[in-house]
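Atom set for the values below is all heavy atoms of this structure, side chains included, hydrogens, waters and symmetry mates excluded. This structure is a prediction, so every number in the text was calculated from the model and none was measured.
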Amino acid sequence: MALEKGWIEGDESGKEMLLRVLNEWPPFLLLPPFHRLPLRVGNVVELVGPSLSAKTHILIQAAISCILPKEWNGVHYGGLGRLVMFLDLDCRFDVSCLAQLLKHRIIQANGSSSKVPSEQNDGGLWTGHSKKNSSIAYDEELFALCLRRFLYVRCYDSFEFLATLKTLRFRLQKEREACGISVHFLMIDSIGAFHWVDRACRPLPHEGNNRKSLSLQSVSETVVQEMRKLLLVHPMVVIATKAIIIGDKNSAKEVKWKLRKLSTPDTSYVDNVKSNTQHVPYDEYMPSVWQSFVTHRIAIRLTGEHCAMGENKELSVYLSEWLLPPLKFSDKFAVLGDGTIILL
């Protein structure tokens with residue numbers, strides 16, 4: 001009886017518990033479009049938008065904010081000083097883009113970026129520095145340290161993706177022991193990369209009564225299951241991009257009718273869910289098991305507008321809207337030639 005009473009009493013008060021949790025996992029406001037709500041470990045954020053809507057660029061900027069330290073040699077960088085695990089399912093990630101943007105953020109924090117002219121390139125999403133940048137001093141030790149905090153894995157199909165998820169907790173444990181810090185962001189670019197290929201393939205028959213047939217639905221269920229297990233061992237914020245096709249109100253009914261006509265065995269993903277905003281209508285194609293796993297959803301798209309910044313350069317204007325939880329306002333932003341995201 002005494003042992004049971006001691007177990008119930010606990011060893012800290014509610015105030016002490018809150019102080020400990022907020023100190024270990026503080027809420028962190030990122031750059032736009034994540035700045036509206038603080039993200040905590042366990043959140044699963046889905047960044048949806050059509051191609052060329054700066055989704056990967058936003059991921060990179062969020063990753064840089066994570067791997068940069070809060071302060072280094074007396075200079076304030078405002079980062080988290082944590083690790084990032086980046087799973088590249090799109091297989092188009094450019095590490096030179098990460099390096100250039102990271103270098104610019106370091107120079108900017110040291111007050112040198114204002115002296116460096118930047119040139120627009122690649123649709124205004126990002127650009128390398130001009131030749132004058134090579135003569136500007138920056139902390140190379142910090143640059144190398146931050147790059148070591150960026151963990152990268154490329155997957156070419158669903159089998160490699162599943163294998164990575166099943167072994168990821170062991171790698172994250174090794175990285176935490178080696179670096180002394182844990183992973184804060186698990187980034188996936190993009191979560192729907194293999195959806196249509198897997199959907200076109202016939203389900204593989206099972207080899208025994210104890211194994212399920214390998215199909216689109218079973219793959220999605222396993223992905224979510226493995227990610228749930230991973231978050232229990234390594235609490236993180238998950239941010240996943242998803243490419244969408246913006247359509248009209250009748251497109252969802254047409255796609256749903258065509259899928260029923262095909263009479264595929266995987267019918268769970270036929271229940272398309274429309275976005276809950278009238279500004280960004282799109283057809284949801286991910287299975288419901290993934291949709292229920294997502295806690296936050298942001299839609300991003302090009303507006304077709306342009307704004308003049310600096311030397312009369314026209315920059316594309318993007319629109320971001322929170323679909324989950326639904327917020328009543330939206331944000332317009334642009335990406336400067338040096339990669340900086342600014343609200344308009």
Spacing of [atom1] belonging to [X] relative to [atom2] belonging to [Y], to within rounding of 0.5 Å:
X: Ile58; Y: Phe333; atom1: CD1; atom2: CZ; result: 4.0 Å
X: Ile239; Y: His296; atom1: CD1; atom2: NE2; result: 10.5 Å
X: Lys328; Y: Glu321; atom1: NZ; atom2: CD; result: 14.5 Å
X: Gln173; Y: Ser182; atom1: CD; atom2: OG; result: 10.0 Å
X: Met236; Y: Met227; atom1: CE; atom2: CE; result: 7.5 Å
X: Glu175; Y: Met85; atom1: CD; atom2: CE; result: 6.5 Å

List the steps, then state whether side chain to side chain contact (heavy atoms under 4.5 Å, CB included) holds for Lys242 with Lys55. CA-CA 8 Å; Lys242 183 178 70 179; Lys55 298 187 299 298; over 6 Å; no

Just jot down the salt bridge (Lys or Arg N to Asp or Glu O under 4.0 Å) partners of Arg92, sequence neighbours excluded, or say none.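 Residues passing salt bridge (Lys or Arg N to Asp or Glu O under 4.0 Å) with Arg92: Asp90.
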
Partner set under salt bridge (Lys or Arg N to Asp or Glu O under 4.0 Å) for Arg154, not counting sequence neighbours: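 Salt bridge (Lys or Arg N to Asp or Glu O under 4.0 Å) check on Arg154 returns Asp88.
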
Can the ring centroids of Phe150 and Phe93 be said to lie less than 6.0 angstrom from one another?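 Yes: the rings meet the under 6.0 Å criterion.
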
Please say whether more than 12 non-hydrogen atoms of neighbouring residues, nucleotides or ligands are located less than 6.0 Å from CD in Glu177.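 Atom CD in Glu177 is packed in, count exceeds 12.
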
Go through the steps for Trp290 and Glu46 under the test side chain to side chain contact (heavy atoms under 4.5 Å, CB included), then give the verdict. CA-CA 10 Å; Trp290 169 260; Glu46 191 179 64; 2.7 Å; yes

Applying side-chain hydrogen bond (donor to acceptor under 3.5 Å, both in side chains) to Arg105 and Gln108, what does each step give before you reach the verdict? CA-CA 5 Å; Arg105 289 278 290 274; Gln108 188 179 42; 4.8 Å; no

Do Leu324 and Thr295 come close enough that some side-chain heavy atom pair is under 4.5 Å?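 Counting from C-beta outward, Leu324 and Thr295 never come under 4.5 Å.
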
Looking at residues at least two apart in the chain, or sitting in another chain, which of them share a side chain to side chain contact (heavy atoms under 4.5 Å, CB included) with Val233?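 Testing Val233 for side chain to side chain contact (heavy atoms under 4.5 Å, CB included), a comparison that skips the adjacent residues, returns none.
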
